[in-house]
Amino acid sequence: MTDFLDALRDLLARLSTGDAEDTYHDDWTKLLHALVGDTQADASTLMVMDRGSLRPVAVLGLPDDVRGRPFRLQEHPRLAAIAAHPGICRFPPDSELPDPFDGLIDEDMSQVHDCLGVALRDGDRLIGLLTLDALDVQGLASLDDGELLAAARLLGTCLRVAEQLSTTRQQLSEALEEEQRSVPLQQWHSPVMGRLMNALSLVAPTDMSVLLHGETGVGKEAVARALHARSQRHRGPLVQVNCAALPEHLIESELFGHRRGAFSGAHAERRGHFAMADGGTLMLDEVGELPLALQPKLLRVLQEGEIQPLGSERAERVDVRIIAVTNRDLSSEVEAGRFREDLYHRLNAFPLAVPPLRERSEDISLLAGHFLEVNRIRLGVANLRLDADAMAALTAWQWPGNIRELEHTLGRAALRALGEQGAVSPQRRQTVLRLSPHHLALPGLPPSEIPACGETPANPTGAKRATTSDATALPLRQATDDFQRRHIQAHLEAKSGNWAATARGLCIDPGNLHRLARRLGLKD
């Protein structure tokens, strides 16, 4: 309990600094480990409520992509039962309620046999859940309910204080997509996305024009929505217009509006996008496609803050913040004479580059977890997971189509796996689909050439291989533990005792590796 209180104190100290929420990951994991690390749980999660869904902030014994999955109570009856229970909610081994983590536990693909959870509350308000799962029947029977409940109440206080001490969490929550397929922006692991989020937080509260540039499919629209949500204009409208999709003869009318009779076919007055965005933000997508003839008029609006609808004799004041989005190099367009230099500098007041997915491989597991959950719901299966080789293949691929390509790749893979399984609709609720490299069908990466995750070093010092007679003489669980022990030892020796490098080589979360090593007797 002392370790738990120390970890809780450290987390509260970090929360009081107002740092961005994505920096808390190690602190939440340390807290969860201090609470459940000495139990017989094979998997555990700490979740917080975020816009109506439970979002894991720390996991042990589960793939890292679980932290990218939203868990909605209405879709997970076991989590709903925990949320409604006043104390420790224990499930019998023969419970018919589907477990949200069946098929996801790293050490075994079998069904969970012992499961419990406790709701984290602030008064009557649900603010999170703590869950523990064990593969062995009665694996959690010896756990002290009173001690766990007391710790859960402290965790509830911790989450409540987190909301009070830092406005960052609220700002990040507002930046989430309101649609089902939104990706939580606060969970990125990669340094490049950390820098982007820091720059975004810096410019969002201002009224400076922002030029978002990056390759197709990197998520520029999601970043633009995050900019608006974190701005002082977040209560105003966010109006999006795709400049490339507008016919050239209608662009001026669409942007600035027109009066009735202004031109042939103008049978009624129309407000333009600038007027609709008054008091809010206007996102000009594919701004590099604007024809040269219209660019001076756009420049005038940015300089003067006035628009003049077609057919009107009076200018109208508008208060609009511009976010321009493009996948072109506008400086090169200026040199080529296809884009006005003065307009470019006006739009480029604060440039933000959204990095391609190949430069942020650390984020692939979180993105994959999000898209796997979307497809799990769409297909109506119990769970979707990636095996280690499939995750290694995703990390190795260069992703020319970026996040959009990843989304479609996982959607197709899920359908292929479902087709192989042959599960008809009534059976799908119990189906766990495991995606392998051949389901992904990545171009240029035939299955035989897809890198395996964490290959065992060839004959490492001190690594004893089990003979066939040794293996057949052991129970399955003991043989599995034996293999894992030798496998981890081999990697640890190859990495000169560096646990972090060993975790990377094994493609496992460092916290999960430390916990597994303690269980196997490799660490004190």
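Since the structure is predicted, the reported quantities are computational estimates derived from the model, not experimental observations.
Residues Leu54 and Arg72 fail the side-chain proximity criterion, which asks for heavy atoms closer than 4.5 Å. Here the side chains of Met283 and Leu212 are not in contact, with every heavy-atom distance at 4.5 Å or above. A 4.5 Å side-chain heavy-atom check between Leu386 and Leu372 finds at least one atom pair inside the cut-off. Under the 4.5 Å side-chain criterion, counting only non-hydrogen atoms from C-beta, Arg376 is in contact with Asn383. Leu522 places a side-chain heavy atom less than 4.5 Å from the side chain of Ile488. The shortest distance between side-chain heavy atoms of Leu62 and Arg67 does not fall below 4.5 Å. Side-chain contact between Glu286 and Val325 is absent, with no heavy-atom pair separated by less than 4.5 Å. Between Lys30 and His33, every side-chain heavy-atom pair lies at or beyond the 4.5 Å cut-off.
A pairwise comparison of heavy atoms in Phe71 and His76 identifies CD2-NE2, 3.6 Å as the closest pair. The two atoms that bring Gly61 and Ala43 nearest to each other are O-CB, 4.1 Å, heavy atoms only. Across every non-hydrogen atom of Ser365 and Asp64, the tightest pair is OG-OD2, 3.2 Å. Scanning all heavy atoms of the two residues, the minimum distance from Ala199 to Leu352 falls at CB-CD2, 3.6 Å. A pairwise comparison of heavy atoms in Ile127 and Gly156 identifies CD1-O, 3.1 Å as the closest pair. For Arg121 against His85, the heavy-atom pair with the smallest separation is NH2-O, 3.0 Å.
A donor-acceptor pair under 3.5 Å is formed between the side chain of Arg485 and the backbone N or O of Leu520. Side chain of His439 to backbone of Ser436: a donor-acceptor contact under 3.5 angstrom is found. Although no hydrogens or angles enter the test, the distance criterion places no donor-acceptor pair under 3.5 Å between the side chain of Asp50 and the main chain of Ser53. A donor-acceptor contact shorter than 3.5 Å is absent between the side chain of Thr45 and the backbone of Met47. Within the 3.5 Å criterion, the main-chain N or O of Ala368 finds no donor-acceptor partner in the side chain of Asp65. Using a distance-only test at 3.5 Å, with no hydrogens or angles considered, a donor-acceptor pair links the side chain of Ser95 to the main chain of Leu97. Listed for the Trp397 side chain is no donor-acceptor partner under 3.5 Å among the backbone atoms of Leu406. Asp387 contributes a side-chain N or O that, together with a main-chain N or O of Ala390, makes up a donor-acceptor pair within less than 3.5 Å.
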- Intermediate values then yes/no, side chain to side chain contact (heavy atoms under 4.5 Å, CB included), Leu200 and Val210: CA-CA 10 Å; Leu200 188 151; Val210 175; over 6 Å; no

- Would you sort out whether Arg360 and Leu367 count as a side chain to side chain contact (heavy atoms under 4.5 Å, CB included), showing the intermediate values? CA-CA 11 Å; Arg360 41 185 295 215; Leu367 289 163; 4.3 Å; yes

- Message: Please evaluate residues Lys220 and Asp285 with respect to the criterion salt bridge (Lys or Arg N to Asp or Glu O under 4.0 Å), reporting the C-alpha separation (whole Å), side-chain torsions for both, the decisive distance (0.1 Å), and the verdict.
- Response: CA-CA 9 Å; Lys220 296 187 292 294; Asp285 198 8; over 6 Å; no

- Run the side chain to side chain contact (heavy atoms under 4.5 Å, CB included) check on Leu435 and Arg385 step by step: do they pass? CA-CA 6 Å; Leu435 306 186; Arg385 71 167 296 173; over 6 Å; no

- Message: Evaluate Glu221 against Arg225 for salt bridge (Lys or Arg N to Asp or Glu O under 4.0 Å), listing each step before the verdict.
- Response: CA-CA 6 Å; Glu221 290 185 20; Arg225 285 190 284 273; 3.7 Å; yes

- Candidate pair Val432 and Leu384, rule side chain to side chain contact (heavy atoms under 4.5 Å, CB included), full reasoning: CA-CA 6 Å; Val432 175; Leu384 274 172; over 6 Å; no

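His487 NE2 to His491 NE2: the interatomic distance, rounded to the nearest 0.5 Å, is 4.0 Å. Leu46 CG to Leu120 CG: the interatomic distance, rounded to the nearest 0.5 Å, is 6.5 Å. One finds the CG atom of Leu32 at 6.5 Å from the CG atom of Leu130 (value rounded to the nearest 0.5 Å). Within the model, atoms CG of Asn375 and CZ of Arg378 stand 4.0 Å from one another, a figure rounded to the nearest 0.5 Å. Summarising the geometry, atom CD1 belonging to Ile323 is positioned 4.5 Å from atom CG belonging to Leu227; distances are rounded to the nearest 0.5 Å. The line from CG of Asp114 to CG of Leu135 is 10.0 Å long, rounded to the nearest 0.5 Å.
At a cut-off of 3.5 Å, with distance as the only test, no side-chain donor of His228 or Gln240 sits close to an acceptor on the other residue. Of the N and O atoms on the side chains of Glu215 and Asn402, at least one donor lies less than 3.5 Å from an acceptor on the other residue. A donor-acceptor pair shorter than 3.5 Å cannot be found between the side chains of Ser361 and Thr395. For the residue pair Glu407/His370, the side-chain donor-acceptor check at 3.5 Å is not satisfied. At a cut-off of 3.5 Å, with distance as the only test, no side-chain donor of Thr216 or Arg404 sits close to an acceptor on the other residue.
For the side chain to side chain contact (heavy atoms under 4.5 Å, CB included) with Ile88, the qualifying choice from Leu149, Leu132, Ile82 is Leu149, the only one to do so.
In this structure, Arg78 is positioned above the aromatic face of Phe91, its NZ or CZ under 6.0 Å from the six-membered ring centre and within 45° of the axis.
Gln74 CD: more than 12 foreign heavy atoms inside a 6.0 Å radius.
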